[in-house]
Number of protein chains: 2
Amino acid sequence: MADLNDIAVFVKVAQYGSFSRAAHSLGMPVSTVSRKVTSLEEQLGVTLLQRTTRKLSLTAQGRAYFDQCSEPLAHLIDAEQALTETQKKPEGLLKISVPVILGQEIFYEFVSCFLKTYPDIQVDLFVTNLFLDLIAENIDLGIRFGELKDSSIVAQRLGKSVRYLVAAPDYLKGRALPSKPEDLREHQCVLLNGRNGDAEWHLVSGGKSVRQQVSGPVSSRDFDAVSAFTNRGHGIGLLPSTYCDDEIRRGALIRLLPDWSSEEIFVHAVYPTRRFLPARLQVFLDALKAWKSPLWLPLH
Amino acid sequence: MADLNDIAVFVKVAQYGSFSRAAHSLGMPVSTVSRKVTSLEEQLGVTLLQRTTRKLSLTAQGRAYFDQCSEPLAHLIDAEQALTETQKKPEGLLKISVPVILGQEIFYEFVSCFLKTYPDIQVDLFVTNLFLDLIAENIDLGIRFGELKDSSIVAQRLGKSVRYLVAAPDYLKGRALPSKPEDLREHQCVLLNGRNGDAEWHLVSGGKSVRQQVSGPVSSRDFDAVSAFTNRGHGIGLLPSTYCDDEIRRGALIRLLPDWSSEEIFVHAVYPTRRFLPARLQVFLDALKAWKSPLWLPLH
DNA sequence: ATTCTCTTTTGCACAAATGCAAAAATCGCT
DNA sequence: AGCGATTTTTGCATTTGTGCAAAAGAGAAT
């Protein structure tokens with residue numbers, strides 16, 4: 001196969017009818033142009049251009065080759081144009097995978113605002129706790145709570161999250177307050193993603209760390225529901241601080257075992273390792289970092 | 001503009017879904033393929049392929065670029081294919097320019113034989129004494145008698161030609177034989193391409209050279225006619241040796257001023273400088289050199 | 001967990017392409 | 001015919017790219 005760059009040079013020379021003008025237009029020395037055309041002719045075994053210092057004319061074969069090559073070349077240039085255009089403007093489809101916890105109004109509101117700001121961007125939102133393979137599924141961005149196992153991805157911390165043990169005064173009425181984690185075994189708990197009414201809560205206090213089995217009458221798949229049931233006195237909930245700080249201040253919820261809390265969980269935005277981020281992803285990341293999310297705490 | 005070879009490599013990688021298979025198919029090291037794709041991505045500022053050591057997948061932009069590039073690239077390859085095909089087999093149009101002297105049966109017969117040998121070749125024959133610009137007119141081959149002025153052409157000697165002064169016994173009856181070139185002034189001459197019954201003959205003898213004005217009753221545009229009128233006793237003709245040797249031997253013509261003849265004229269095949277001759281031209285040249293032409297003498 | 005295997009990337013020595021400057025070539029003009 | 005102007009080609013030092021071998025990365029199987 002002939003050198004494609006040489007073909008492009010030949011076509012330019014044929015268009016301009018001159019080595020020097022073609023060279024100027026291509027921004028390369030005339031000598032290079034000359035050699036490239038010569039090299040192309042050698043590779044093809046065909047004389048394409050009949051040249052004297054004054055005249056330049058295509059041979060019959062050169063003409064035929066030129067006719068067949070100029071259009072495909074123009075298309076290749078168009079393709080590049082199209083590509084770098086989309087790279088510049090934030091546009092196109094943005095595939096995002098978020099955990100079920102984010103599947104609620106507050107996040108939808110954020111995405112909605114983002115879409116209004118960038119009308120040329122479409123979002124394809126996957127709300128799932130499955131850890132999708134970003135690369136295989138061609139997903140641009142994932143948001144993940146907790147530890148990351150995936151390799152070949154870039155992670156940026158968006159915020160952190162701490163959960164407190166809380167309960168409504170109604171529930172606590174007539175019950176003994178827990179004084180250590182093991183006491184939770186004797187309480188009703190409002191679970192998140194529980195199985196058969198059971199769950200395991202991971203609690204820390206200073207340097208100490210405990211995994212405590214808990215059970216309770218109700219389990220749900222997002223914090224909105226956990227919050228609702230806890231407020232209604234169905235048991236002790238392990239709620240992100242962002243969900244219960246107000247209630248605690250107002251006295252609507254009581255914080256239990258205040259020395260203990262869930263371990264600090266980091267919220268990450270993850271995306272495939274890329275030397276070049278599409279503009280749509282870049283702007284979404286910026287928006288995400290700027291968002292004062294009620295779902296996590298700022299990092300500092 | 002991105003490097004076109006890199007685009008071709010990227011397309012191959014996308015088609016095969018693997019760097020190593022693409023490299024094998026392209027006959028280059030995997031490392032080169034890797035670097036070319038990386039370099040293309042850098043030039044475009046876009047990640048085209050998402051790669052791990054186990055999986056390879058196109059990004060959305062990579063897919064779009066691939067779709068736009070693969071067809072034009074295929075066309076470029078086709079163009080090359082088409083070109084080298086025509087180069088291989090002797091076929092196509094052969095434009096030939098010959099002087100009027102060759103516009104006679106003996107040459108037509110030669111061309112006819114050639115055409116029968118190569119049925120895929122068409123010949124476009126220009127019979128003219130004009131020295132056409134081979135390059136501008138896109139003429140493949142010219143046959144020229146005498147000196148060459150044209151530059152930027154290749155000339156191959158086909159043969160040589162010497163003309164003798166001859167006359168029929170009928171004409172000489174009762175006339176004084178010329179003893180020096182100036183005596184021709186007093187004779188009737190059978191002219192070639194004369195103007196108003198006049199012409200200039202260039203004669204040489206050893207180191208001497210003379211230009212002699214002559215005139216006569218008949219002028220024509222080819223040697224067949226000159227030969228015919230000379231044989232019929234209309235005057236002295238200046239005929240190529242190949243036209244009169246037989247008659248001289250038979251006594252049908254008498255050679256005059258046997259120390260003098262026209263200067264030796266070389267017959268050349270000329271064609272535009274080309275590194276690579278089209279097959280049709282190559283075979284025609286070969287045939288021409290192999291032809292025992294009655295219109296010129298062999299070189300040795 | 002650890003090893004094995006398959007694929008992509010990187011390091012380094014060598015080969016090839018590049019760009020500047022000078023030379024060669026062609027055609028118009030005197 | 002010879003000079004002049006313009007254009008293409010060639011020479012050479014430097015930069016750039018290539019190819020082999022080794023390393024790194026990522027799953028899969030033990």
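The chains referred to below are lettered A, B, ... by the order of the sequence lines, with proteins before strands, and numbering in each begins at 1.
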Report the distance from atom [atom1] of [X] to atom [atom2] of [N], rounded to the nearest whole Å.
X	N	atom1	atom2	value
A/Q50	C/dT26	CD	C1'	13 Å
B/M28	D/dT18	CE	C1'	10 Å
B/E42	D/dT16	CD	C1'	14 Å

Show me, pair by pair, the donor-acceptor contacts under 3.5 angstrom made by side chains of residues 1-12 of chain B, not counting sequence neighbours?
residue, atom, partner, partner atom, Å
B/D3, OD1, A/N5, ND2, 3.1
B/D3, OD1, B/N5, N, 2.9
B/D3, OD1, B/D6, N, 3.1
B/D3, OD2, A/N5, ND2, 3.2
B/N5, OD1, A/L4, N, 2.9
B/N5, ND2, A/D3, OD1, 3.1
B/N5, ND2, A/D3, OD2, 3.2
B/D6, OD2, B/S39, OG, 3.1

Count the heavy atoms of every other residue, nucleotide or ligand shown that sit under 6.0 Å from CG of A/D286, and state whether that count exceeds 12. yes
NZ/A/K89: more than 12 non-hydrogen atoms of other groups inside 6.0 Å: no
Does anything in residues 2-13 of chain A come within less than 4.0 Å of DNA chain D? Heavy atoms only, and list the residues if so. none
Less than 4.0 Å between a side-chain N and a carboxylate O, is that true for A/R51 and A/E41? yes
When the side chains of residues 62-71 of chain B are checked against the rest of the protein, which donor-acceptor pairs come out under 3.5 Å, sequence neighbours left out?
residue, atom, partner, partner atom, Å
B/S70, OG, B/F66, O, 3.0

Would a distance-only check, ignoring hydrogens and angles, find a side-chain to backbone donor-acceptor pair under 3.5 Å from A/T84 to A/E80? yes
Return yes if some donor-acceptor pair links the side-chain N/O of B/T59 with the main-chain N/O of B/T47 below 3.5 Å, else return no. yes
Of B/V30 and A/P29, the one whose closest nucleotide on DNA chain C sits nearer the 5' end is B/V30
Tell me which pairs pass side chain to side chain donor-acceptor pair (under 3.5 Å) where either residue lies in residues 202-214 of chain A, with sequence neighbours left out. A/E200-A/R211, A/E200-A/Q213, A/H202-A/S209, A/H202-A/E263
Identify each atom pair where a protein N or O and an N or O of nucleotides 4-7 of chain C are less than 3.5 Å apart, giving names and distance.
residue, atom, partner, partner atom, Å
C/dT7, O4', B/T53, O, 3.3

Summarise how protein sits on nucleotides 11-17 of chain C as a single string, 5' to 3': B when a protein heavy atom is under 4.0 Å from the base, S for sugar-phosphate-only contact, - for no contact. BB-----
Decide yes or no for A/L76 and B/L76: does some side-chain heavy atom of the first lie under 4.5 Å from some side-chain heavy atom of the second? yes
CZ of B/R280 to NZ of B/K95: how many Å apart, nearest 0.5 Å? 10.5 Å
